[in-house]
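Report on the structure given below.
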There are 2 protein chains.
Amino acid sequence: MTRVLVVDDEPQIIRALRINLKARGYEVEIAGDGAAALHVAAHFHPDLVVLDLGLPDMEGTEVIAGLRGWTTVPIIVLSGRAGSTDKVAALDAGADDYVTKPFGLDELLARMRAVTRRIQPSGLPSVEIGAHTVDLATRAISGDVRLTPTEWQLLEHLVRHPGKLITQRELLHDVWGPQYQTETNYLRQYMARLRRKLEHDPARPRHLLTEPGMGYRFQP
Amino acid sequence: MTRVLVVDDEPQIIRALRINLKARGYEVEIAGDGAAALHVAAHFHPDLVVLDLGLPDMEGTEVIAGLRGWTTVPIIVLSGRAGSTDKVAALDAGADDYVTKPFGLDELLARMRAVTRRIQPSGLPSVEIGAHTVDLATRAISGDVRLTPTEWQLLEHLVRHPGKLITQRELLHDVWGPQYQTETNYLRQYMARLRRKLEHDPARPRHLLTEPGMGYRFQP
DNA sequence: GACATTTTTGACGCGTTGTTGACGCGGCCG
DNA sequence: CGGCCGCGTCAACAACGCGTCAAAAATGTC
């Protein structure tokens, strides 16, 4: 579920966005001014920020700069001002997109999909397992460890959904193919190899956990 | 230097973009229709595509889909149509931004900076391999070494993403073409030649590494 | 047209990886 | 208390992928 922080001070826009975004499966948080935006962003950790420039307390570029100081979260700016000076200032301050009011809701949604698409698929490209750091994006592991292609595929499916239980059928289907959905011996074999290579104590795994009868789970 | 592919069929827009982009240090290539765009993109490997939707031969979304089939290069769409349907269609097809004509040049440039900022945090045109210094920009190598065109292309793809694993399919597709994606013998052949020419000890490469079953990686 | 360079194609040895079968252990249930 | 199922482990074999050598075909150059 994508987490969206909406920063705006106009009640009707807030209302419209909250209803429509929630209806489309987004998790929505609201901030009424720039100071609240920075505060909420630090705690809510949004996947996307929709920022109205006409805030009462701060300049829009200040808010953008304040966010960019510590996060690379995508920012879509809403603004009534259509002048190119404002657009350039906001974009160069670190915004990812600039939509002028009045805007079509479906256009805003499409732009939200476009900017999150770039960020989302990789999710968290880097995770920690035992003493090793695994980077999905570059397929690199700290230390002198090498994974085979199947080991990578298996690990990737588990790490992509941290904390979530993945059923054996699911893993077998996605890594080996539709016709292998009952060959659980493959899973036992390769989970053991992953633990030997990554876990500190392979006999007592702390991150690559078994859920007996169900499947496996990656615990960050 | 950022490489931009401009896809448009209106001479005055082409002219304006070419002059202004080159003046700002971009490397510009032009394609006059959709088919040419796909062809040029495959060889030029742009860092950014500026795509006009009013092409004579193909629908804009087709061009986007054709590019998205094998590359994640940022795409900024130019269009005379301001309807939200067109915008949503282009964005959901894989475009990163949508600018309606007439557009301000400074706005387009700001949007180009915004989308490339996400992709290219590092672009080192010069790297060290073994005892040699390789300069991508001028295609020069220190010492008495000369590379053939294919060797350059292959090396360039690896060096462009330092530390990242590049799959064999990716390399074969980008260097030889879409229909060679399984001819891994080419890769074996040319990686060996690159190592012979660049690595200190070709039998034990330290920068041009093999990831068995997956692909190759350039380690700075 | 002759030559050198580059690309393409084929084949082989060897190490690694994927696959398969078997065994022991522990928990769950009757 | 005893049997059964699922999980972890080990060992063995087959299959594949990589590096390498060699040579033919294509390309460019004079």
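Each chain gets a letter, A, B and so on, in the order its sequence line appears, and its residues count up from 1.
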Heteroatom pairs (N/O) under 3.5 angstrom, protein to nucleotides 16-19 of chain D:
from: dC18(D); atom 1: OP1; to: G213(B); atom 2: N; distance (Å): 3.2
from: dG19(D); atom 1: OP1; to: R195(B); atom 2: NH1; distance (Å): 3.0
from: dG19(D); atom 1: OP1; to: T210(B); atom 2: OG1; distance (Å): 2.5
from: dG19(D); atom 1: OP2; to: Y216(B); atom 2: OH; distance (Å): 3.0
from: dG19(D); atom 1: N7; to: R188(B); atom 2: NE; distance (Å): 2.8
from: dG19(D); atom 1: O6; to: R188(B); atom 2: NH2; distance (Å): 3.3

Which atom pairs link the protein and nucleotides 26-30 of chain C when you take only N or O atoms and keep those under 3.5 Å?
none

For nucleotides 22-30 of chain D, tabulate all protein N/O to nucleotide N/O atom pairs closer than 3.5 Å, reporting atom names and distance.
from: dA22(D); atom 1: N6; to: Q189(B); atom 2: NE2; distance (Å): 3.0

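The 5' end of DNA chain C is approached more closely, in terms of each residue's nearest nucleotide, by E183(B) than by the other of E183(B) and Y190(A).
With contacts defined as side-chain heavy-atom distances shorter than 4.5 Å, the pair W152(B)/L136(B) qualifies. Side-chain contact between H161(B) and E170(B) is absent, with no heavy-atom pair separated by less than 4.5 Å.
The distance from atom OH of Y180(B) to atom P of dT7(C) is 13 Å, rounded to the nearest whole Å. Between N185(A) atom CG and dG6(D) atom C1' the separation is 12 Å, expressed in whole Å. What separates CD of Q179(A) from P of dG18(C) is a distance of 17 Å, to the nearest Å. Atom-to-atom, CZ of R196(B) to P of dT6(C) comes out at 13 Å; the value is rounded to the nearest Å.
With sequence neighbours excluded, the residues that form a side-chain contact (heavy atoms from CB on, under 4.5 Å) with A41(A) are L5(A), P46(A), L67(A), W70(A). With sequence neighbours left out, the salt bridge (Lys or Arg N to Asp or Glu O under 4.0 Å) criterion links R193(A) to E151(A). Not counting sequence neighbours, the partners of P178(B) by the side-chain contact (heavy atoms from CB on, under 4.5 Å) test are H173(B), Q181(B). Applying the salt bridge (Lys or Arg N to Asp or Glu O under 4.0 Å) criterion to R139(A), with sequence neighbours excluded, gives E156(A). For R217(B), the salt bridge (Lys or Arg N to Asp or Glu O under 4.0 Å) test picks out E211(B), with sequence neighbours left out. Every salt bridge (Lys or Arg N to Asp or Glu O under 4.0 Å) that D201(B) has, sequence neighbours left out, goes to R204(B).
Annotation: salt bridge (charged side-chain N to carboxylate O under 4.0 Å, His left out) contacts involving residues 23-43 of chain B, sequence neighbours excluded, comprise R3(B)-E27(B).
The side chain to side chain contact (heavy atoms under 4.5 Å, CB included) with L154(B) is formed by just one residue from the set D174(B), L187(B), L147(B); it is L187(B).
At least one side-chain nitrogen or oxygen of W176(B) sits closer than 4.0 Å to the OP1 or OP2 atom of dT8(C). Dashed line: the shortest gap from a side-chain N or O of Y186(B) to OP1 or OP2 of dT7(C) is not under 4.0 Å.
For the segment residues 144-156 of chain A, the set of residues with a heavy atom within less than 4.0 Å of an atom of DNA chain C comprises R146(A), T148(A), P149(A), T150(A), in numerical order.
For CZ of R68(A), the number of neighbouring non-hydrogen atoms (other residues, nucleotides, ligands) closer than 6.0 Å is greater than 12.
Atoms CG and CG, from L208(A) and L155(A) in turn, are 6.5 Å apart once rounded to the nearest 0.5 Å.
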Side-chain donor-acceptor pairs of residues 106-113 of chain A under 3.5 Å, sequence neighbours excluded:
from: D106(A); atom 1: OD2; to: S84(B); atom 2: OG; distance (Å): 3.2
from: E107(A); atom 1: OE1; to: K87(B); atom 2: NZ; distance (Å): 3.1
from: E107(A); atom 1: OE2; to: R111(A); atom 2: NE; distance (Å): 3.1
from: E107(A); atom 1: OE2; to: R111(A); atom 2: NH2; distance (Å): 3.4
from: E107(A); atom 1: OE2; to: K87(B); atom 2: NZ; distance (Å): 3.3
from: R111(A); atom 1: NH1; to: D97(A); atom 2: OD1; distance (Å): 3.3
from: R111(A); atom 1: NH1; to: D97(A); atom 2: OD2; distance (Å): 2.8
from: R111(A); atom 1: NH1; to: D97(B); atom 2: OD1; distance (Å): 2.7
from: R111(A); atom 1: NH2; to: Y98(B); atom 2: O; distance (Å): 2.8
from: R113(A); atom 1: NE; to: D92(B); atom 2: OD1; distance (Å): 2.8
from: R113(A); atom 1: NH2; to: D92(B); atom 2: OD1; distance (Å): 3.4
from: R113(A); atom 1: NH2; to: D92(B); atom 2: OD2; distance (Å): 2.8

